[in-house]
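Chain letters run A, B, ... following the sequence lines, proteins first and then strands; every chain starts at 1. Remember, it's a predicted structure, so these values are computed and weren't measured experimentally.
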2 protein chains.
Amino acid sequence: MATSSSSTPVQEPLQQGLHQDGRRLTPQRLRILDLFERLGSGRHLSAEDVHQQLLEGEAKVSLATIYRTLRLLVDMGFLQELELSEAGRRFELSSADHGDHHHLVCIRCGRTEEFESIPVITAGQAAADQHGFDLIESTLNVRGICPDCR
Amino acid sequence: MATSSSSTPVQEPLQQGLHQDGRRLTPQRLRILDLFERLGSGRHLSAEDVHQQLLEGEAKVSLATIYRTLRLLVDMGFLQELELSEAGRRFELSSADHGDHHHLVCIRCGRTEEFESIPVITAGQAAADQHGFDLIESTLNVRGICPDCR
DNA sequence: GTTGTTGCAAAGCGTTTGCAGAAGA
DNA sequence: TCTTCTGCAAACGCTTTGCAACAAC
């Protein structure tokens, strides 16, 4: 049983952070953060992904708790949320000029700046060539935090 | 700036495109595309934004029609949809390095290849720096047609 | 024992869809 | 006329929340 391995490296900092705010360490919270820890950096999961991953193991955590815990872990700084704050799709005119559209988006306020970049076009073309694709369009989305929101 | 003409400049190409597919030019469709045209390139709106903007004028278009029309205009190539990879919120460990998940997607069959590119990371970082953003992540989406579908 | 947390189910919110009436071609 | 399109309202999927039982401290 994997439960015997109490050596989760995240337990201590998590517990400490929780107790500072009068919150409690629960198996559910530990399991969720531990999942991200095991997957390692750079892997991002949706709430549903987390739910599925935990179901594959022997641990079930309700979706409601997953949503609550993800928000908590983001607030505590353990996780980062990758998404436009005021989520939702945006539309804009497709100008015939640029088939090449690059956006710098603030994940807090949604502010968007456009920019162009030759190296990006080149890299997109190179990737297409390498896999035998005919290139149609490439779009670079850069997510970050703008000066006002920092 | 261009002189404002009484006839909307988008009417002709829109009508032509619609008729090619046996579709019809309606005031609603014209109003929506015209709104984007008046705002100009680079301005992006959500469906709700479009709804509000049209309510401010004297023209009301139902939200359902706006959603349908936005999708239509994207399919026809008049508008571009700015949304990050696969919709929905994603979470990842805070300690994560700036990921560069770059995708090469076939628009026919949906086949997806992942690749990495230093120049893209550099370009994303440069754009963030230039606008004073703290970089979190950059994603390059390259759309094309794969060898099998060609 | 006290109080924060969970799971369930119901509510919310943005988006999509079925349908009958309205309107382009 | 013949279809397509619109508006309404209901449906839908994802996320949040109220509440009673439960568990960490």
Whole-Å distance between [N] [atom2] and [X] [atom1]?
| X | N | atom1 | atom2 | result |
| --- | --- | --- | --- | --- |
| A/Asp75 | C/dT5 | CG | P | 13 Å |
| A/Glu48 | D/dT16 | CD | C1' | 15 Å |
| A/Leu30 | D/dA24 | CG | P | 12 Å |
| A/Gln15 | C/dG4 | CD | P | 17 Å |
| A/Leu54 | C/dT6 | CG | P | 13 Å |
| A/Arg71 | C/dT6 | CZ | P | 12 Å |

For residues 22-31 of chain B, which side-chain donor-acceptor pairs fall under 3.5 Å, sequence neighbours excluded?
from	atom 1	to	atom 2	distance (Å)
B/Thr26	OG1	B/Arg29	N	3.2
B/Arg29	NH1	B/Arg24	O	2.8

Applying side-chain hydrogen bond (donor to acceptor under 3.5 Å, both in side chains), name anything that partners [X], two or more places apart in sequence or on another chain.
| X | result |
| --- | --- |
| B/Asp75 | none |
| B/Gln130 | none |
| B/Ser62 | B/Thr65 |

Taking only N/O atoms, report every protein-nucleotides 3-8 of chain D pair under 3.5 Å with atom names and distance.
from	atom 1	to	atom 2	distance (Å)
D/dT3	O2	B/Arg24	NH1	2.5
D/dT3	O2	B/Arg24	NH2	3.0
D/dT4	O4'	B/Arg24	NH1	3.2
D/dT4	O2	B/Arg24	NH1	3.4
D/dC5	OP1	B/Arg24	N	3.1
D/dC5	OP1	B/Arg29	NH1	2.6
D/dC5	OP1	B/Arg29	NH2	3.2
D/dC5	O5'	B/Arg29	NH2	3.4
D/dT6	OP1	B/Thr26	OG1	2.9
D/dT6	O3'	B/Gln28	NE2	2.9
D/dG7	OP1	B/Gln28	NE2	3.4
D/dG7	OP2	B/Ser62	N	3.1
D/dG7	OP2	B/Ser62	OG	3.1
D/dG7	OP2	B/Thr65	OG1	2.9
D/dG7	N7	B/Arg68	NH2	2.7
D/dG7	O6	B/Arg68	NH1	3.3
D/dG7	O6	B/Arg68	NH2	3.4

Distance-only check: which donor-acceptor pairs under 3.5 Å involve side-chain atoms of residues 13-21 of chain B, not counting sequence neighbours?
none

Note to self: Between A/His131 (side chain only) and A/Ala127 (backbone N and O only), is there a donor and an acceptor less than 3.5 Å apart?
What the structure shows: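 Side chain of A/His131 to backbone of A/Ala127, a donor-acceptor pair under 3.5 Å: yes, one is there.
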